[in-house]
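Notes for the one structure printed next.
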Amino acid sequence: MRRFTVYDSLSRETRMFVPITPPKVGMFVCGLTPYDDAHIGHGRTAVLFDVVARALSHWGYRVHYIQNVTNIDDRLIARGAETGIDPLRLADRHFLAYRVAMEQLGVRSVNYYPHATDYLPEIVQQIRTLLEKGYAYESRGSVYFEAAKFRTYGRLSGQRLEEARPGTRVEPEPGKRAPEDFVLWKAARPGEPSWEAPWGPGRPGWHIEDTAITASILGPRYDLHGGGLDLKFPHHEAEIAQAEGASGLAPLANIWMHAGMLQFHGEKMSKSLGNVVPLQDAIQKHGPMVLRFYYLNAQYRSPLDYSGEATLREASEAYDRLDAPSERLREAVDQRGPDHPGQELPEEVLASSNHLLEQLDELLASDFATREAIAALFGWSRTVNEWLPRFESLSGPSLSALAAPYRWAQEVLGLFEGRGSGQDSERIAPAVQVAIEARQRARDRGDFEEADRLRESLRSAGILLEDNGSLTRWRFAPGEAG
RNA sequence: GCCGAGGUGGCAGAAUGGUUAAUGCGACGGACUGCAGAUCCGUUUCCUGGGGGUUCGAUUCCCUCCCUCGGCUCCA
């Protein structure tokens with residue numbers, strides 16, 4: 001198990017990660033409320049924590065990663081009322097779409113997506129415990145957590161209780177003793193979906209599902225808790241209060257990681273601002289790997305600005321610089337086999353491949369410096385491109401050494417999956433090959449007008465031709481998902 | 001107002017108390033090409049918000065001011 005450091009939002013320092021029971025790592029990340037289509041901001045958080053889980057697995061930890069799904073809440077009920085669709089069904093529908101997007105993005109590290117409504121008994125039990133311990137009170141069929149009873153309430157967000165009180169932004173809720181109290185069990189109004197509980201029919205508050213789920217799956221304390229930065233207050237603050245209040249054990253999570261917000265022209269991307277780019281749109285337009293690259297080519301805690309299409313076009317250009325040599329190497333290794341005899345690379349190149357692999361792990365182990373890892377991969381692509389004209393003569397092991405950093409990135413960063421070698425590519429390859437051969441015949445007889453015509457017609461179909469000596473290769477134009 | 005993050009080249013965006021301040025995009029020039037593209041080489045020399053201070057030396061540490069963004073119970 002490699003040791004690594006990570007910035008912990010609670011202590012506000014970069015700390016060495018120490019699992020509670022190595023090699024096991026319990027990891028929980030707040031998922032979404034699927035009342036609408038996911039946008040590219042959701043994708044950022046998902047990809048970040050996917051990389052965290054991948055890196056930990058790569059380093060020998062046994063990661064148990066769960067992400068909850070809030071499939072019942074006010075927004076779902078409101079949306080259900082608007083559309084006439086049952087809120088639970090609505091949630092299922094959007095969650096399914098989310099899972100499809102996750103699959104496309106290569107987010108495969110999540111072991112389990114628990115749904116709030118599947119944990120009603122656990123939720124009721126935890127609320128009961130909080131009532132027994134005096135942290136909560138009943139009022140008008142609802143149950144509230146009394147924030148003032150929990151001494152360190154506000155510590156995560158650095159807010160003192162008095163300051164964390166909502167001022168004028170929200171009308172005080174009748175039934176609450178203090179404005180900073182938050183609901184654990186919300187009494188149902190007529191017609192709303194509800195579950196039975198000792199305090200009357202209702203539904204769980206937003207925060208309680210997470211702690212009930214983690215307590216039953218990961219135990220009262222676990223290793224890593226993640227989520228978007230916007231959840232720090234009040235959501236994560238409330239989680240800490242509930243879980244530590246109920247169990248009497250602290251800290252709930254050893255490490256708190258928060259993903260920076262995706263911004264749209266300098267402002268946070270969110271549905272309430274109406275400036276969202278649907279995740280599926282971006283995936284369709286640029287390909288999932290470009291999006292993944294875009295997320296990882298940034299410091300995960302910093303805001304990431306999306307300034308329109310140009311942002312992802314640039315990411316696509318940059319990603320291509322890595323993907324193209326990676327793809328060429330993969331082909332070369334596939335064609336020739338790992339044991340193929342041939343020229344060996346010079347010692348120093350082989351050594352620098354190994355050195356880079358170590359460096360990549362080192363960078364990820366420094367608070368998941370994905371951007372710097374990518375910078376190092378760009379440097380490697382230059383080396384690979386220098387050798388590219390001589391691929392034919394290289395031995396299998398030498399080719400593998402050139403490919404090793406990309407394979408590392410494939411495993412840990414989840415890049416280089418499925419662009420250029422997808423079904424589209426295989427389906428149209430024969431047709432493209434026919435055109436390439438026709439063009440070559442035209443070139444051979446000096447009919448460059450005809451040759452350019454053929455090249456141009458392919459280009460308008462999104463296919464670029466590149467001549468290298470006597471060999472012509474083709475690829476999809478950047479921005480076209482392949 | 002309170003809490004937090006940040007202000008770096010044409011753009012995006014790293015890093016370090018001290019040789020030429022990463023990497024990518026873009027631009028320009030060269031090699032290669034029938035042309036182009038891709039690739040390689042080179043250039044983009046006076047880039048680290050303003051003002052103080054500590055230091056032999058600061059972009060990096062301290063103070064202050066200005067500005068931007070996020071959170072302050074819808075939020076990933």
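Quick note on labels: first sequence line is chain A, next is B, and so on, each numbered from 1. What you see is a predicted model; the values in this text were computed from it and never measured. Side chains are part of it too, since the values below use all heavy atoms of this structure and drop only hydrogens, waters and symmetry mates.
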Check the interface with nucleotides 38-41 of chain B: list each N/O to N/O pair with the protein under 3.5 Å, or write none.
from   : atom 1 : to       : atom 2 : distance (Å)
B:rA38 : O4'    : A:Glu466 : OE2    : 3.4
B:rU39 : OP1    : A:Arg321 : NH1    : 3.4
B:rU39 : O3'    : A:Asn385 : ND2    : 3.2
B:rC40 : OP1    : A:Asn385 : ND2    : 3.3
B:rC41 : OP2    : A:Arg382 : NE     : 3.4

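- Only at 4.0 angstrom or more do the heavy atoms of residues 90-112 of chain A sit from any atom of RNA chain B, so none qualifies.
- Base engagement by A:Leu262 is indicated by at least one non-hydrogen atom pair under 4.0 Å involving a base atom.
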Quick one: which protein N/O atoms are closer than 3.5 Å to N/O atoms of nucleotides 28-32 of chain B? Pair and distance per line, please.
none

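- Counting non-hydrogen atoms under 4.0 angstrom, A:Arg473 reaches nothing in the nucleic acid.
- Ion pairing between A:Arg301 and A:Asp367 holds under the 4.0 Å rule for side-chain N and carboxylate O.
- The base of B:rC75 sits within donor-acceptor range of the side chain of A:Lys268, with an N or O pair under 3.5 Å.
- Look at A:Arg475 and A:Asp320 and you find a salt bridge, because one of the NZ, NE, NH1 or NH2 atoms lies within 4.0 Å of a carboxylate O, short of that distance.
- Within the 4.0 angstrom heavy-atom criterion, base atoms lie near A:Ser270.
- An OP1 or OP2 oxygen of B:rG37 is reached within less than 4.0 angstrom by no side-chain nitrogen or oxygen of A:Trp474.
- For A:Asp305, the salt bridge (Lys or Arg N to Asp or Glu O under 4.0 Å) criterion is met by no residue, not counting sequence neighbours.
- Counting any heavy atom pair closer than 4.0 Å across all strands shown, A:Lys232 reaches no nucleic acid atom.
- Counting non-hydrogen atoms under 4.0 angstrom, A:Ala259 reaches nothing in the nucleic acid.
- Within 4.0 Å (heavy atoms only), A:Leu48 reaches no atom of the nucleic acid at all.
- Nucleic acid contact for A:Glu237: none, since no nucleic acid atom lies under 4.0 Å from a heavy atom of the residue.
- Judged as a side chain to side chain contact (heavy atoms under 4.5 Å, CB included), and not counting sequence neighbours, the contacts of A:Glu372 are A:Leu363, A:Ala369.
- Remark: A:Arg292 pairs with A:Asp50 by the salt bridge (Lys or Arg N to Asp or Glu O under 4.0 Å) rule, at least two apart or across chains.
- Annotation: cation-pi pair A:Arg443/A:Phe448 absent, no NZ/CZ under 6.0 Å from the ring centroid and within 45° of its normal.
- Proximity of a side-chain donor or acceptor of A:Ser398 to a complementary backbone N or O of A:Leu394 within less than 3.5 Å is not detected.
- Within 4.0 Å (heavy atoms only), A:Phe448 reaches at least one base atom of the nucleic acid.
- Ring pair A:Phe28/A:Tyr65: centre-to-centre distance not below 6.0 Å.
- Within 4.0 Å (heavy atoms only), A:Arg371 reaches at least one base atom of the nucleic acid.
- Legend: side chain to side chain donor-acceptor pair (under 3.5 Å) pairs involving residues 447-461 of chain A, not counting sequence neighbours, sorted by first then second residue: A:Glu450-A:Arg453, A:Asp452-A:Arg455, A:Glu456-A:Arg459.
- Every salt bridge (Lys or Arg N to Asp or Glu O under 4.0 Å) that A:Arg15 has, sequence neighbours left out, goes to A:Asp8.
- Taking A:Phe293 as the reference, A:Tyr319 meet the ring-ring contact (aromatic ring centres under 6.0 Å, His included) condition, with sequence neighbours excluded.
- Residue contacts for A:Asp452: at a heavy-atom cut-off of 4.0 Å it reaches a base atom on one of the strands shown.
- Looking at RNA chain B, the stems built from 3 or more consecutive Watson-Crick or G-U wobble pairs, each pair with its key distances under 3.5 Å, are B:1-7 with B:66-72, B:10-12 with B:23-25, B:26-31 with B:39-44, B:49-53 with B:61-65.
- The pair A:Arg473-A:Glu331 meets the salt-bridge criterion, since a charged nitrogen lies less than 4.0 angstrom from a carboxylate oxygen.
- A donor and an acceptor atom, one from each side chain of A:Asp210 and A:His235, are located under 3.5 Å apart.
- Proximity note for A:Gln263 (side chain, C-beta onward) versus B:rC69, B:rA22, B:rA76: the nearest is B:rC69.
- For A:Leu32, counting side-chain heavy atoms from C-beta on, the closest listed nucleotide (B:rG24, B:rC35, B:rA76) is B:rA76.
- A salt bridge links A:Lys268 with A:Asp230: the distance from a Lys NZ or Arg NE/NH1/NH2 to an Asp or Glu carboxylate oxygen falls below 4.0 Å.
- Nearest to the side chain of A:Pro234, among B:rU73, B:rA76, B:rA22, sits B:rU73.
- As judged by a 4.0 angstrom heavy-atom cut-off over every strand, A:Gly379 is placed among residues making no nucleic acid contact.
- Taking A:Glu392 as the reference, nothing meets the salt bridge (Lys or Arg N to Asp or Glu O under 4.0 Å) condition, with sequence neighbours excluded.
- Taking every heavy atom of residues 35-47 of chain A and every atom of RNA chain B, pairs under 4.0 Å involve A:His39, A:Gly41, A:His42, A:Thr45, by number.
- Here A:Arg453 lies out of heavy-atom contact (under 4.0 Å) with every strand.
- OP1 or OP2 of B:rA14 lies within a sub-4.0 Å distance of a side-chain N or O belonging to A:Ser302.
- For an aromatic pair to be called close, the ring centres must be under 6.0 Å apart, and A:His236 with A:His207 fails this.
- The A:Glu372 side chain lies nearest to B:rA15 when the options are B:rA15, B:rA12, B:rC75.
- Checked for salt-bridge contact, A:Arg203 and A:Glu192 meet the test: a charged N lies under 4.0 Å from a carboxylate O.
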